[in-house]
Structure formats: structure tokens, C-alpha cells
Chemist: 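First, the structure itself, so that you have it in front of you.
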Amino acid sequence: METSSGEPTSNGFVKPPDFRREESGRGGAAVESNGHGLGMGLTLRLVQELEGHSDRVWSVSWSPSGHTLASCSGDKSCRLWENLTTSPSSSTWRCQAVLEGGHTRTIRSCGWSPDGKLLATASFDATTAVWEVTGGEIENVATLEGHDNEVKSVAWNSSGTYLATCSRDKHVWIWDVQPGNEFECMSVLSGHTQDVKFVAWHPTKDILVSASYDNAIKVWAEDGDGDDWRCVQTLAEPGRGHCSTVWALAFDKDGDRLVSCSDDLTLMVWDTSADLADLSGSGQAQWKHSTTISGYHDRTVFSVHWSRVNGLIASGAADDCIRIFAENREDSSALPGESSFSMVAKKVKAHSTDVNCVQWHPTDPRILASAGDDGTIKIWEVIGDLSLVG
Amino acid sequence: MPGLVRRDTEEDIFESSLNLEGAHYQQGFEEGFADGIGAGREEGREVGLKSGFQVGEEVGFYSGCADLWRAAVEIDSSAFSARAQRSIKQFQELLRAYPLSNPEDERVQDLLETIRVKFQALLSMLSIHLEYPGHPKARSADDASF
């Protein structure tokens with residue numbers, strides 16, 4: 001595999017960085033390096049380190065406006081952070097609120113509703129709490145019970161009408177969001193044979209994807225107009241799939257592609273443009289594996305996020321690094337319909353230990369938030385010419 | 001043995017002494033086999049009774065719950081949401097379809113799992129904190145989970 005210096009090859013050997021190349025590459029024209037002409041043209045600047053949690057921070061979620069960042073932790077609380085200015089790259093982030101008393105154990109995941117009024121927090125105490133955030137008031141308006149044990153992830157669909165949760169009990173629950181902050185269990189989905197780590201909704205359709213310790217990614221859709229949800233596709237071996245735990249998933253802006261990250265040290269990009277509900281064509285439409293991004297991560301990749309603004313993919317891993325990948329344009333060596341990606345930035349020791357979560361800002365193309373086992377949240381600004389990579 | 005010609009019809013008066021080990025092995029095997037069949041059948045009956053009872057008890061528990069909920073709806077049709085009422089009906093159908101009399105139906109494990117999952121969903125919809133006492137729960141205080 002052709003690789004540029006500074007990046008590990010597939011057998012783990014790291015070539016020493018080429019300093020001559022880096023000097024000319026910073027902020028300037030793309031440099032010939034790995035054959036795709038992108039090079040490591042971007043860097044990450046630390047805007048601010050947010051301290052306050054007393055245990056590892058598991059996850060962060062930007063409100064739809066990008067004005068508030070929610071973080072959740074092993075200290076059983078969720079914190080809301082806001083910037084004193086309107087610029088997220090200004091080092092004036094402050095903790096505005098601490099959501100306590102809602103859970104009796106670690107809060108593993110949090111997510112804002114699409115209208116920014118509700119925040120859901122998923123906990124190891126087997127419940128999911130919903131908080132209403134209006135002005136300065138924050139109120140716990142609902143507690144969703146049902147899972148047998150630790151809830152690992154929570155996600156709202158694009159219209160805010162459904163909420164999905166998943167758990168170590170191997171099930172995915174879909175909740176119907178009703179007026180008056182009522183949540184009714186709509187469906188309990190079984191299929192995974194192990195702990196389900198992550199759920200994510202398609203950005204425009206009511207299609208849910210889940211990732212599990214059983215190495216599979218499952219795709220769920222509603223059958224007819226009843227409450228019947230079923231698994232419409234499984235992305236796993238023996239076809240193309242991860243060979244170890246899949247930790248997180250993220251769709252691109254239009255939902256035509258999905259990226260997954262895994263304990264098997266790779267990211268996989270999937271072509272999700274096929275309409276799974278369309279059974280009229282010859283042969284059933286299926287989502288397909290597009291490309292595998294390998295040779296870059298040394299340890300488990302815990303988090304991946306695809307920016308809806310700049311088109312870049314960010315990853316957070318157990319080797320304490322944050323990496324950014326961009327799609328190669330006009331790659332003559334790629335097969336038609338296939339795309340390839342290369343790493344365009346790497347922040348070594350982004351946290352002092354495992355990076356648990358990375359999340360791109362919803363509107364500002366240069367801002368990225370990360371959460372770590374070191375109990376901190378960090379706000380990063382991407383420095384460099386985005387037009388060359390986005 | 002080379003050189004020794006044996007004819008099938010001839011009774012070898014030395015056979016029993018020469019074949020002592022084999023004869024005893026055979027006898028021991030037959031006794032053990034008979035004991036095994038007996039003990040195995042006994043244990044099988046016990047295990048069958050026990051697991052049959054457990055399955056019956058669990059399905060019975062769910063059926064009792066479903067009957068009660070159905071009755072509640074008949075008394076007050078607004079007691080539960082439309083979705084919950086639909087689910088109760090589906091739940092009852094699942095229970096009716098469960099092959100209680102045919103334990104060798106290969107679907108029994110999957111069907112029971114589907115019923116359990118539906119029960120969980122119903123508990124949530126009806127906001128009931130109930131637990132089937134016989135069903136092993138996977139809840140553990142293991143905070144080392146990721």
C-alpha cells in the first residue's frame with residue numbers, strides 16, 4: 001500500500017516525518033505525498049479545554065444552532081457549555097448548567113432534538129432521561145424505562161418524531177415522541193447478538209442504523225404504516241464488514257454515505273444511496289461497502305463523525321489521537337463509483353488518554369469538539385485551506 | 001492366528017476361557033448401558049418436567065397479564081393508548097400461537113424470545129413496573145461497562 005511518511009503502513013511501521021514537505025504544505029497548495037495529492041494540509045489548534053466533570057467524559061452533542069455543547073460523563077451528570085461570544089473559535093466557553101440527579105449511574109450518551117428544545121441523556125442505570133431546555137430553565141420532563149441494562153446511545157430522527165436507544169441488552173428501542181413530552185415505546189428491535197453500542201438516524205429518511213459488539217451494522221426501517229420495524233439489511237461478514245466491535249456510525253450530509261469505525265482499526269465507508277424501501281426494481285436495493293480506510297489507526301477507533309458543513313470525517317481513538325480524513329477527488333486509480341480517502345490532519349495526544357467522542361460543529365466548518373477519558377472536553381479549530389480538501 | 005482353521009459350525013469349547021476379557025467387557029457394557037438408559041430416562045423426565053413447567057409457567061404468567069389488560073380495556077376503552085391496545089392484541093396472538101404441546105417445534109426458543117420482547121415493550125407502554133419472577137435478569141452492578 002502506497003503511503004506517505006508520517007503515517008503507519010499496514011504492518012504498523014511508521015516512517016519518520018518529512019519535515020521539508022510539511023513546511024511547504026502548511027496552509028498552502030496541496031502537496032504530492034500519498035499519490036492522491038492531499039498531504040497533511042490541515043492542523044488542529046486547541047481553542048479551549050473545558051474542565052468540570054469529575055470523571056471521564058463519554059460523549060458531546062452540539063445543539064442544532066451550535067450555540068450550546070452538551071457533555072455527559074461517568075460522574076452521572078451532563079453539562080451545558082456556551083460561548084460568551086457568537087464565535088465558537090473564541091476561547092470564552094463557560095459551563096452554563098449542570099444536569100444532576102437525573103441518573104444514578106454513568107451517562108453514556110446525549111443528544112439534542114432537532115428543534116433544540118429537548119436533550120436526551122442515556123445512562124448505565126438503564127433509563128433515558130429527557131430534559132427540556134427553555135431559556136435559563138432546565139427540567140427533567142420524562143424518564144424512559146424499558147431496557148434491561150446499560151443504555152449505550154440515544155438519537156433523535158431528523159423530524160424529532162422518533163427517539164432511538166440501544167443497550168447492552170442487545171435490543172434497540174424506538175420511542176414515539178408525542179405532544180406534552182410523552183414518549184411511548186413503539187417497537188423493540190432484536191437482531192443483534194451482542195451489546196449494541198451506537199444508533200444513528202439517516203439525515204432525511206426514517207431509517208435507523210445500529211452498531212454492535214457483534215461486529216455488525218444493522219439497518220432498520222418501518223414496515224408499512226404500522227409500528228412494525230424490521231431489519232432490512234445487515235452490513236457484516238461474511239460479506240464486507242468489520243471483523244471486530246463497531247463503535248460508532250455517521251452519515252454524510254445527504255445520507256448517501258455512511259462511515260463506521262471499529263475495534264478492527266479501520267473506518268469503513270458505505271454507499272447508502274439505494275432506497276431500501278424500493279422493492280419495485282429488479283433485485284432488492286441494497287447498501288454496499290464503498291471503501292475501507294485502514295493503516296492509520298493504532299488502536300480501537302471509538303468515534304467517527306462526518307461534518308455536514310465541510311465534508312470531512314473526524315475520528316477519535318484509543319491511541320489518544322484525533323484524525324481528519326478527506327475524500328480524494330479525481331482519483332484515477334479508484335474504480336468507478338468507488339471513492340478513496342486520505343488523512344489530512346492528525347492531532348497526537350489530543351487528550352492525555354482515550355478519545356471517546358468527536359463531533360463537528362453543525363454550522364461552523366472549522367470547529368470540532370472532543371471528549372476524553374481524561375475528564376476534559378476540548379474545542380478545536382481546523383487551520384488550513386479547506387477548499388483543497390472539502 | 002495363522003495355521004489355525006476354524007469352522008463356524010464348530011463350537012469352540014475354549015472360546016469362553018480364551019475370550020474372558022471380551023466376555024466380561026461385553027457383560028459390563030450391557031449392564032452399564034441398561035443402567036444408563038434407566039438413569040437417563042429418569043433424569044430426562046425430571047428435566048423435561050422442570051423445563052416444561054417453567055415454560056408453561058412463563059407463558060401462563062404472560063397470558064394472565066394479557067387477559068387482565070384486555071379486560072381493563074373492555075371496561076374502559078380509554079384506559080390505554082391505541083398503540084398499547086394494538087400491542088396487547090398482538091401479544092395475545094403470539095401467546096395463542098406458542099406451541100405449548102409441541103416442545104420439539106424448532107421455533108419454540110425464537111417464539112418465546114419474541115414474546116418476552118413484546119412483554120417488555122408492553123410494560124413500558126402501560127408504565128407498569130412488573131417483572132416475571134422466573135425470568136433471569138441480566139441486570140448487574142458492573143460499572144466497568146463501556
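What you see below is based on every heavy atom in this structure, not just the backbone, and it leaves out hydrogens, waters and symmetry mates. Letters A, B, ... mirror the listed sequences (proteins, then strands); counts begin at 1.
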Chemist: Quick check on A/Asp227 against chain B: is it the side chain, the backbone, both or neither that has a heavy atom closer than 4.5 Å?
Modeler: side chain
Chemist: Does atom NZ of B/Lys118 have more than 12 heavy-atom neighbours, drawn from other residues, nucleotides or ligands, at distances under 6.0 Å?
Modeler: yes
Chemist: Give the minimum heavy-atom separation between A/Glu145 and B/Ser124, together with the two atoms involved.
Modeler: O-OG, 3.1 Å
Chemist: Please classify the contact between A/Glu182 and chain B as side chain, backbone, both or neither, with a heavy-atom cut-off of under 4.5 Å.
Modeler: neither
Chemist: Quick one: do the B/Glu113 and A/Ser190 side chains pair a donor with an acceptor below 3.5 Å?
Modeler: no
Chemist: Does a sphere of radius 6.0 Å around OH in B/Tyr98 hold more than 12 heavy atoms from other residues, nucleotides or ligands, not counting ones at 6.0 Å or beyond?
Modeler: yes
Chemist: Measure across A/Cys185 and B/Arg83 and return the closest heavy-atom pair with its distance rounded to 0.1 Å.
Modeler: O-CD, 3.5 Å
Chemist: Taking atom CZ of A/Arg299 as the centre, report whether more than 12 heavy atoms of other residues, nucleotides or ligands fall under 6.0 Å from it.
Modeler: no
